[in-house]
Amino acid sequence: MIRLYNTLTRSIEPFKPQHDTTVRMYTCGPTVYNYAHIGNLRTYVFEDILRRTLKYHGYAVTHVMNITDVGHLTDDADFGEDKMEKGSRREGKTAWEIAAVYTEAFQNDLKNLNILEPTIWAKATDHIDDQIQLVTTLRDKGYTYETDDGIYFDTTKISDYGKLAQLDRQTLKAGMRVEMGQKKNPHDFALWKFSKAGESRQMEWDAFGKKGFPGWHIECSAMSMRYLGEQFDIHCGGVDHISVHHTNEIAQSEAATGKKPWVFWWLHGEFLLLDEGKMAKSGSHAITLQTITEKHIPPLAYRYFLLQSHYRKQIGFRWQALEAAHQGLLRLRRHVVAIPETTVDDLHIMHEFQEAMDTDLNTAEALSVLWRALKENKITQKTVTRCDKILGLDLNTHNEETVPPEIAELLAEREKARAEKRWGESDVLRKTIENSGYTVEDTPAGQTIRKNY
Ligand code: AMP
Ligand code: ZN
């Protein structure tokens, strides 16, 4: 039985999907106006661990992830500029080109981090009709009002607005800072925005008698319900989404369908913090996966770095700690490669590993179980492979990458020189290999080689 922390109830509960063995899961995807930073990627790694754990338990997971390619405004609320249009001006490309470039970059990041691809990718601009339909339903049911700049959801029309964020228990302080425009209440939010008179937007559609575009929250409700039904099992995102984005998604979805709860399980990943504080995607210190690989640290070392902490704990990012994680991962793989053939599984190990994962995805504990088992020679390669189905760290991979034949030949020569204790020659060969852009390390399990990025 998997036990997960549900933000809705603020407690760890045994997980049970609505329909037998299928889990329907929606995860908020990226706004594709720039590269994802490593903070964003932390959230996707956590969601991947959740999905792999469910899969491990035999559930079939239908996983939908959206791509926000329109409607996310710079201040995260209902004002400011559209992030896509801003990206377009920054790079001198169309908003559509910007979306295509950064969607592909994002999908590559996921691949490099061994994050399983969602069952369905849902692009906001491919689902404009679904969103218009949902706004129309809400309007027809009397939940909306119109201002000069859009159609807004009236949050006073529902009795339990803010239940996810427990807004009723906090003062409405957040509302004090909100730019009101013609909004009636601080928490009201735009379902649909009208293009400003005289403004020429690249992404706009005819609806409600004018040109306009969707508000940021409506896409997630419209697309998740299209693919997963009016009620589904799991919805995830980063903790920053609790108080506004997910709160508004719940309000509009439950108002539209009349069914509660819209989603049974809400899971949120904590933030990765830079020393300076919250990491902004547009900020000057945004670190991307590419920044990491440029420093010769492979993406999976970042995954390992993340798995050393629990997903509900903040992590302060430090390069030193990432480098230590990199060395840790290389060591772990060396241990796995060196497992003697004669090893027999200690049956408790897999049980402990699974128990750790089932206890609200405690990857840190699961890794320490694995380390202990390896050091005490209690785990076979086959069982490591099973653990790695959840961890996704390529643990049965030799650290050597596939190298070009000429480098492989040099490595073989060096192997021979070392075996015959011709140390001078071995050093010369190491230099030659390194000059070709590789780093060679000698370990108890033999030579390892990695490409310098
Ligand atoms: P965005 O592309 O800005 O919509 O964010 C994509 C995902 O990253 C969302 O689920 C956010 O909650 C999450 N996120 C943003 N910043 C961070 C951070 N510093 N650490 C972890 N997750 C983050
Ligand atoms: Zn969302």
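Remember, it's 1-based here, ligands and their atoms both numbered in the order they're listed.
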Does any N or O atom in H72 lie less than 3.5 angstrom from one in ligand 1, N or O only?
no
Do F317 and H37 have ring centres separated by under 6.0 Å?
no
Do D188 and Y145 have side-chain N/O donor and acceptor atoms under 3.5 Å apart?
yes
Taking only residues two or more places apart in sequence, or in another chain, which ones meet D160 in a salt bridge (charged side-chain N to carboxylate O under 4.0 Å, His left out)?
K163, K260
For ligand 1, is any non-hydrogen atom under 4.0 Å from H37's backbone (N, CA, C, O), its side chain (CB onward), both, or neither?
side chain
What pairs of donor and acceptor atoms, side-chain ones from residues 95-102 against any protein atom, are under 3.5 angstrom apart with sequence neighbours left out?
residue, atom, partner, partner atom, Å
E97, OE1, T94, N, 3.0
Y102, OH, E91, OE1, 3.2
Y102, OH, E91, OE2, 2.4

Counting only heavy atoms, tell me which of L272, T68, V32 gets closest to atom 19 (N) of ligand 1.
L272
Determine whether the aromatic ring centres of F232 and W262 lie less than 6.0 Å apart.
yes
What are the two closest heavy atoms between D360 and H310, and how far apart are they?
O-NE2, 2.7 Å
Please compare G39, G29, A36 and report which has the shortest non-hydrogen distance to atom 21 (C) of ligand 1.
G39
Quick check: C28 and ligand 1, any N/O pair under 3.5 Å apart?
no
Atoms of ligand 1 under 4.0 Å from any heavy atom of D240, numbered from 1 in the order shown, are 11 (C), 12 (O)
Atoms of ligand 1, numbered as shown, that sit under 4.0 Å from any heavy atom of E270
21 (C)
Looking only at side-chain N and O atoms, does Q182 offer a donor or acceptor that is under 3.5 Å from a partner on D149?
no
All ring pair (Phe, Tyr, Trp, His ring centres under 6.0 Å) counterparts of F353, not counting sequence neighbours:
none
Metal environment of the Zn ion (ligand 2), protein N/O/S under 2.8 Å
C28 SG, C220 SG, H245 NE2, E249 OE2
What I want to check is whether the side chains of H72 and T31 have a donor and an acceptor closer together than 3.5 Å.
yes
At less than 4.0 angstrom from any non-hydrogen atom of P30, what atoms of ligand 1 do you find?
2 (O)
Can you name the atoms of ligand 1, numbered from 1 with element, that are less than 4.0 Å from a heavy atom of T43?
10 (O), 13 (C), 21 (C), 22 (N), 23 (C)
Apply the side chain to side chain contact (heavy atoms under 4.5 Å, CB included) test between P118 and each candidate in H63, M25, E47; give the one that qualifies.
H63
